[in-house]
Amino acid sequence: RLLPPVRPEAAVSGAETVTGVSSAAAPPLRVCLVAENAARTFGGEAILPFHYFRGLRTRGVDAYLCVHERCRDELLALFPDDHDRLLFVRDQPLQKLFYRLGKLLPHRVAEATFGLANQMLTQLAQREAIYPVIRREGSLVHQPIPVAPRFPSLMYGLGCPVVIGPLNGGMEYPEAFRDGESALSRAAIACGRALTDVVNAALPGKRRAAVVLVANERTRAALPSGLEGEVLPLPENAVDLTQWPVPEAIDALAPARFVFLGRLVDWKRLDVALEALGRTTEASLDVIGDGPMRAAWEAQTAQLGLGARVRFHGWLSQPDSARVLRGARALVLPSVYESGGAVVLEAMAVGLPVVATAWGGPTDYLDPSCGVLVSPTSREALVAGFASAMQRLAAAPEQATHLGAAGRARVLAHFDWDQKIDRMLDIYVTAVRHAADKQARGAP
């Protein structure tokens with residue numbers, strides 16, 4: 001094996017706890033969550049380990065969380081009674097160099113090269129950091145992120161079962177939008193994917209995991225070969241309904257207001273929503289989020305003469321985002337590279353229909369009962385499809401209300417974080433039991 005099991009004498013190398021790991025008697029199940037980041041303010045997949053830890057601790061589960069120290073201040077403030085359950089690892093000088101070099105490359109190339117190297121170095125430190133937590137019977141490690149199905153894991157040889165996921169990926173751009181990515185980026189990604197089986201054989205965390213969770217069949221097909229554990233379905237995202245309250249009724253007499261929520265990066269294709277708005281009479285658009293494309297899209301807004309109808313809010317907290325969403329006519333998400341799409345569920349939770357690209361993550365959550373999916377056969381087709389849906393909902397507030405109510409009901413039935421924690425606890429207990437049975441049989 002490439003990595004030896006963790007050693008007691010090296011257990012705290014490169015890591016620290018806030019007040020040390022508690023040595024008090026623990027219940028039979030002990031869960032150690034391991035993630036690069038866990039935060040409510042970072043955006044993206046960092047919210048997932050935060051919700052797992054919050055949900056487990058709310059239920060009194062003996063849970064710990066090991067993340068990068070960049071999350072320290074936020075987590076200490078959010079979990080004042082659990083400082084002894086938070087473990088942090090620091091960057092080494094080499095990681096800081098890799099980060100600077102990665103900034104010089106296209107996003108997806110940087111992720112597959114220097115980003116991968118940095119995460120592997122972080123995981124090495126985390127292996128050592130979690131040993132005091134997992135050294136007793138009944139322990140389990142859960143690595144919820146990164147969600148990329150072929151991203152290697154160093155969580156193996158730990159002496160306890162490992163659960164990985166839910167993973168969500170295997171994405172490509174729609175055929176009509178692939179010319180937006182450079183030839184260098186496409187070649188690098190293709191090369192990286194061709195080597196992933198070799199990398200996952202050398203770093204076999206996913207192969208040796210007791211359970212690997214996948215959000216959809218697309219992700220299952222993208223997993224590395226040779227997995228030894230169970231592969232089970234589970235949605236990547238869910239909704240904390242305390243943050244996304246009961247919907248507010250639509251004012252049928254007010255002009256229609258649409259909302260875009262997400263990072264302002266090129267694949268989110270806010271430009272499509274702006275053009276569609278220009279074809280929709282007497283409607284406005286609230287843009288929640290920030291990112292490198294903001295200046296370009298603000299300039300496009302001015303060029304289209306939409307300055308009075310579009311408001312860029314920048315980044316907002318979840319409660320503030322919920323306030324902007326409530327009473328809107330619909331969420332619009334023209335993203336062409338959305339493997340997850342938590343914002344779709346958040347809009348559904350506050351009773352909004354969703355108009356989204358029929359590609360990737362939104363297709364896991366939406367159906368015709370609660371939204372509109374627009375096929376990305378071409379850029380013009382996407383603009384026209386969004387414009388048609390927005391015009392229809394602008395003219396028919398009662399239809400928007402009906403779709404929004406169906407979306408809220410769908411979230412309550414299938415995408416509530418409380419239900420997801422129930423399912424995860426079942427998976428944890430089963431993984432620990434199977435590991436104990438395997439050890440009793442003397443199986444390798």
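The model shown is predicted, which means the values in this text are computed figures rather than measured ones. Quick note: residue numbers are just sequence positions, from 1.
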Cut-off 3.5 Å, no hydrogens considered: what does the side-chain donor-acceptor table look like for residues 222-232, sequence neighbours left out?
{"unit_1": "S225", "atom_1": "OG", "unit_2": "D197", "atom_2": "OD2", "d": "3.4"}

How many angstroms lie between atom [atom1] of [X] and atom [atom2] of [Y], to the nearest 0.5 angstrom?
X    : Y    : atom1 : atom2 : value
D418 : L412 : CG    : CG    : 11.0 Å
I130 : C160 : CD1   : SG    : 6.5 Å
R408 : L345 : CZ    : CG    : 12.0 Å
I47  : Q318 : CD1   : CD    : 5.0 Å
R40  : R54  : CZ    : CZ    : 8.0 Å
K96  : R90  : NZ    : CZ    : 10.0 Å

Is R311 atom CZ crowded by more than 12 heavy atoms from other residues, nucleotides or ligands, each under 6.0 Å away?
->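 Open.
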Minimum heavy-atom separation for [X] to [Y], with atom names?
X    : Y    : answer
Y365 : C370 : O-SG, 4.4 Å
K206 : A148 : NZ-O, 3.6 Å
T377 : A381 : OG1-CB, 3.3 Å
P149 : G170 : CG-N, 3.7 Å
A46  : I145 : CA-CD1, 4.3 Å
E45  : P49  : O-CD, 3.4 Å

Would a 4.5 Å heavy-atom cut-off, applied to side chains only, mark [X] and [Y] as touching?
X    : Y    : result
Q419 : H414 : no
M424 : L213 : yes
L270 : L285 : yes
L333 : F260 : yes
V287 : W297 : no

Test ring pair (Phe, Tyr, Trp, His ring centres under 6.0 Å) applied to [X] - qualifying residues, sequence neighbours left out:
X    : value
F50  : F79
F258 : none
W417 : H51, Y52

Stepwise side chain to side chain contact (heavy atoms under 4.5 Å, CB included) test for M120 and F151 = CA-CA 10 Å; M120 292 300 97; F151 206 98; 3.7 Å; yes
Please list, chain by chain and in numerical order, all residues satisfying salt bridge (Lys or Arg N to Asp or Glu O under 4.0 Å) with R207, sequence neighbours excluded.
->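 Counting only residues at least two positions away or on another chain, R207 forms no salt bridge (Lys or Arg N to Asp or Glu O under 4.0 Å).
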Counting only N and O atoms by type, is there a donor-acceptor contact under 3.5 Å from the side chain of [X] to the main-chain atoms of [Y]?
X    : Y    : result
H68  : A38  : no
E236 : N168 : no
R423 : L234 : no
T357 : P334 : yes
E69  : F88  : no
N118 : Q95  : yes
Q126 : A35  : yes

Let me have the donor-acceptor pairs involving side chains of residues 386-406, under 3.5 Å, with sequence neighbours excluded, atom names and distances please.
{"unit_1": "Q391", "atom_1": "OE1", "unit_2": "T281", "atom_2": "N", "d": "3.1"}
{"unit_1": "Q391", "atom_1": "NE2", "unit_2": "T281", "atom_2": "OG1", "d": "3.4"}
{"unit_1": "T401", "atom_1": "OG1", "unit_2": "P397", "atom_2": "O", "d": "3.0"}

How far apart are the C-alpha atoms of F53 and L75, what are their side-chain angles, what is the distance that settles it, and do they pass the side chain to side chain contact (heavy atoms under 4.5 Å, CB included) test?
-> CA-CA 10 Å; F53 185 68; L75 292 179; over 6 Å; no
[X]: what forms a side-chain contact (heavy atoms from CB on, under 4.5 Å) with it, not counting sequence neighbours?
X    : answer
L306 : L277, T301, L304, R309, V310
L425 : L29, L56, R59, V61, I421, Y428
E36  : R70, Q119, T122
L316 : I288, H313, D320, S321, V324

Let me see the working for E74 and T41 under side chain to side chain contact (heavy atoms under 4.5 Å, CB included), right down to the final yes or no.
-> CA-CA 8 Å; E74 181 176 354; T41 58; 2.6 Å; yes
Can you name the one residue among W359, W267, Y337 that meets ring pair (Phe, Tyr, Trp, His ring centres under 6.0 Å) with Y173?
->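 Going through W359, W267, Y337 one by one, the ring pair (Phe, Tyr, Trp, His ring centres under 6.0 Å) with Y173 is satisfied by Y337 alone.
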Which pairs pass side-chain hydrogen bond (donor to acceptor under 3.5 Å, both in side chains) with one or both residues in residues 268-279, sequence neighbours excluded?
->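 Qualifying pairs: K268-E338, R269-D271, D271-R379, E275-R379, R279-E380.
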Distance-only side-chain donor-acceptor flag, D91 / Y99, under 3.5 Å |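 Distance-only check fails for D91 and Y99.
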Can N37 and V67 be said to form a side chain to side chain contact (heavy atoms under 4.5 Å, CB included), step by step?
-> CA-CA 5 Å; N37 300 307; V67 295; 5.9 Å; no
Partners meeting side chain to side chain donor-acceptor pair (under 3.5 Å) with Q303 (sequence neighbours left out) =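 For Q303 there are no side chain to side chain donor-acceptor pair (under 3.5 Å) partners, ignoring immediate neighbours.
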